[in-house]
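Count residues from 1 along the sequence.
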Amino acid sequence: MPVQTRSGAVTENPPPVHHRKKTVKRKSERNTEGQNIDQETKTGAKKRSAEAVDEGDETKAEQSEYKKPKVTEEGSSADPNKYSFHEGVIERGHIYFFYRPKVMHEEAHSIDEVRNFHMLLVPRPPEFSTEVEGHSDTSSQNEDQDELNLIGEGADAVPAPEPKGIPTKHYRLITLGKKRLPDPDKPGRKDTLWAMVSTVGENLHELDDGLGKKTNETKTRGTRFEEPVRLAGRGAYAIVNARGKTPSQNETHLGYHLSHPLSIGGVQEALGVHTSSSFVLQVKNPLAPATGRVGLPPNRRAKYPAGIMDNVFGRGTRGRQPYGLRFSTCSCVDLLEYEGAELLLIAARTGTQGNDTSLGDNRGEALQEASEKEAKEPIANVFKELEMDMNVFPGEPLEGNWI
């Protein structure tokens, strides 16, 4: 029987979507399970940047990990299906882009004055599932028909409307290494950037505290301050797995379409945020050594359970190294639920047609229609979605202006 995840996706392979309308059984949204935020990320995750690590010491630490005996527990090697490659939409929701000015800068007027760039993912169930749940039967004659909901092609990528005034929502804050998104329009080799999951949580007030203003006292430099983040974009996103001819050709794509702003300005251009775009998403094996100066030291990487290490990365069974594969597709959203998860973002395509190609089944067009509908919401409502105070977090960048 299909089981629905926190974001509303189905954990078994969904039936193929055809160009004609189809019927889908009623789905119930599962309750999410609260997760605590690490104290370091509550204070803004100030030192989450990439660091160089000594490869010799790192190798010793890794060997102790992949030589551990396999255990039989929930999510271990005895449960391979839980972390298997799930084809189709594995998550959809709303995406937000933030930047923070450098330390001791009251404002940022170019990307050179930006300290951090963040991408916030707030998963949501599919819009059609909430419509089914909210439908009330009017007669016993239509009882069977009431169990069905007609949806169009690509509708599985459209998130349900974002509720406002709710302080508890599941979210992931992802920090991008080069303070921008990968640019599909960049000539030459595909633009590839490093990123990390810096915070996973449920409490929006704690998120706001981490993204708000910071003041620190230092012995050598006195008082140091950081201004709050600025909201530079908001839209709808979908994460889709595409199965290749061989397992090594499987890919995970994240595509988004902005609702705010509908027309990008100088801020969005500098940060690599397009009106609509997509990139390939890969997850790094935490036991694999870092490449050069890019990546986290071993003690700050994601602590995945045995089931992920064995069934996703193939520890001890796949690849040329004992730790298994160096990178994997995002076969299931569980890989993104651990702070310290390291990601590769590889530029794919821009535009609605580009998203159609990356996500398949006209999902790019569906995201565009949903975002254009949500664009009618005033900016004040966007801040209410995250329980943010517009007097604290500037909204001018949504109009393309640096501040």
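- Tyr171 approaches Thr199 most closely through the heavy-atom pair CE1-CG2, 4.0 Å.
- Distance check, rounded to the nearest 0.5 Å: CG of Leu367 to CG of Leu359 gives 6.5 Å.
- Counting all heavy atoms, side chain and backbone alike, Pro261 lies closest to Leu398 at CB-O, 3.1 Å.
- Side-chain polar atoms of Ser198 and Thr175 form a donor-acceptor pair below 3.5 angstrom.
- A salt bridge links Glu227 to Lys213: at least one charged side-chain nitrogen sits closer than 4.0 Å to a carboxylate oxygen.
- Note that OG of Ser278 and CD1 of Ile346 are 12.0 Å apart. Values are rounded to the nearest 0.5 Å.
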**Request:** Show your reasoning for whether side-chain contact (heavy atoms from CB on, under 4.5 Å) applies to Arg115 and Val103.
**Result:** CA-CA 7 Å; Arg115 185 190 179 199; Val103 178; 4.1 Å; yes
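- What you find for Val267 and Ala232 is that their closest heavy atoms are CG1-CB, 4.0 Å.
- The distance from atom OH of Tyr323 to atom CZ of Arg318, rounded to the nearest 0.5 Å, is 14.0 Å.
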**Message:** Does Tyr338 form a ring-ring contact (aromatic ring centres under 6.0 Å, His included) with Tyr304? I'd like the steps, not just the answer.
**Reply:** CA-CA 7 Å; Tyr338 294 82; Tyr304 287 131; 5.1 Å; yes
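- A donor-acceptor contact shorter than 3.5 Å is absent between the side chain of Asn311 and the backbone of Ser84.
- Side chains of Leu181 and Tyr256 form a contact here, defined as non-hydrogen atoms less than 4.5 Å apart.
- Side-chain contact between Leu258 and His260 is absent, with no heavy atoms from C-beta onward closer than 4.5 Å.
- Listed here is the closest heavy atom pair of Pro184 and His274: CD-NE2, 4.1 Å.
- No side-chain heavy atom of Val280 sits less than 4.5 Å from a side-chain heavy atom of Leu345.
- Judged by distance alone, with hydrogens and angles left aside, the side-chain atoms of Glu365 form no donor-acceptor pair with the main-chain N or O of Asn362 at under 3.5 Å.
- Looking at Ser129, its side chain never comes within 3.5 Å of a backbone N or O of Pro125 through a donor-acceptor pair.
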**Message:** Before you tell me yes or no, could you show the steps for Met196 and Leu296 under side-chain contact (heavy atoms from CB on, under 4.5 Å), namely the whole-Å CA-CA distance, both residues' side-chain angles and the distance that decides it to 0.1 Å?
**Reply:** CA-CA 9 Å; Met196 61 165 288; Leu296 295 172; 4.1 Å; yes
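- Rounded to the nearest 0.5 Å, atoms CD1 (Ile90) and CD (Glu87) are 11.5 Å apart.
- Considering every non-hydrogen atom in both Gln268 and Gly400, the closest pair reads OE1-CA, 3.6 Å.
- Salt-bridge annotation for Asp156 and Arg363: present, with a side-chain N of the basic residue lying under 4.0 Å from a carboxylate O of the acidic one.
- Leu176 has its side chain out of reach of His118: every pair of non-hydrogen atoms, C-beta onward, lies at least 4.5 Å apart.
- Looking only at distances, no side-chain donor or acceptor of Ser277 sits under 3.5 Å from a matching main-chain atom of Thr275.
- Nearest heavy atoms, Ser328 versus Phe313: CB-CE2, 3.8 Å.
- A donor-acceptor pair under 3.5 Å links the side-chain atoms of Arg301 to the main chain of Pro286, judged by distance alone.
- Side-chain contact between Glu91 and Val240 is absent, with no heavy atoms from C-beta onward closer than 4.5 Å.
- A donor-acceptor contact shorter than 3.5 Å is absent between the side chain of Lys384 and the backbone of Met388.
- Remark: Cys330 SG to Leu335 CG distance equals 5.0 Å, nearest 0.5 Å.
- Side-chain atoms of Gln368 never come within 3.5 Å of backbone atoms of Gly364 as a donor-acceptor pair (strictly under, hydrogens ignored).
- With no hydrogens or angles considered, no side-chain donor-acceptor pair links Ser259 and Ser371 at under 3.5 Å.
- For the pair Arg180/Leu193, a side-chain contact is recorded, criterion being any heavy-atom separation below 4.5 Å from C-beta on.
- Residues Thr329 and Ser331 have side chains that never bring a donor and an acceptor to within less than 3.5 angstrom of each other.
- With hydrogens and angles ignored, the 3.5 Å screen pairs a side-chain donor or acceptor of Asn241 with a backbone N or O of His86.
- Here Lys169 pairs with Glu162 in a salt bridge; the nearest charged N to carboxylate O distance falls below 4.0 Å.
- Side-chain N or O atoms of Asn116 include none that pairs as donor or acceptor with a backbone N or O of Arg100 at under 3.5 Å.
- The structure places CG of Leu120 at 7.5 Å from CG of Leu211, a figure rounded to the nearest 0.5 Å.
- Crowding of Lys164 atom NZ: a count of heavy atoms from other residues, nucleotides or ligands under 6.0 Å exceeding 12.
- Using a 3.5 Å distance cut-off with no hydrogens or angles, the side chains of Glu202 and Thr168 do not pair a donor with an acceptor.
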**Request:** In sequence, state the C-alpha distance, the side-chain angles, and the governing distance for Ile264 and Glu269, and then conclude on side-chain contact (heavy atoms from CB on, under 4.5 Å).
**Result:** CA-CA 7 Å; Ile264 63 173; Glu269 290 179 358; 3.9 Å; yes
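- With a 4.5 Å cut-off on side-chain heavy atoms, Ile239 and Val89 do not count as touching.
- Side-chain polar atoms of His105 and Glu107 form no donor-acceptor pair below 3.5 angstrom.
- When side chains are defined from C-beta on, Phe383 does not count as touching Asp389, because their heavy atoms never get closer than 4.5 Å.
- Seen from the ring of Tyr99, Lys179 does not count as a face-on cation partner, given the 6.0 Å and 45° thresholds.
- Each salt bridge (Lys or Arg N to Asp or Glu O under 4.0 Å) pair with one or both residues in residues 228-237, not counting sequence neighbours, appears once here: Arg234-Glu374, Arg234-Glu385.
- Not one N or O on the side chain of Glu387 forms a donor-acceptor pair closer than 3.5 Å with the backbone of His205.
- Contact check on Glu337 versus Arg172 returns a salt bridge, with a Lys/Arg side-chain nitrogen under 4.0 Å from an Asp/Glu carboxylate oxygen.
- Salt bridge status for Glu113 with Lys102: absent, with no side-chain N to carboxylate O gap under 4.0 Å.
- Donor-acceptor pairing under 3.5 Å is lacking for the side chains of Thr357 and Arg349.
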**Item:** Full working for side-chain contact (heavy atoms from CB on, under 4.5 Å) between Glu342 and Trp194
**Value:** CA-CA 7 Å; Glu342 296 179 280; Trp194 176 89; 3.3 Å; yes
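- Counting non-hydrogen atoms of neighbouring residues, nucleotides and ligands closer than 6.0 angstrom, the CD atom of Glu106 reaches no more than 12 such neighbours.
- Classification of Glu226 and Lys214 as a salt-bridged pair fails, no side-chain N sitting under 4.0 Å from a carboxylate O.
- In this pair, Phe98 and Tyr96 present their aromatic rings parallel. The plane angle is below 30°, not in the 30 to 60° band.
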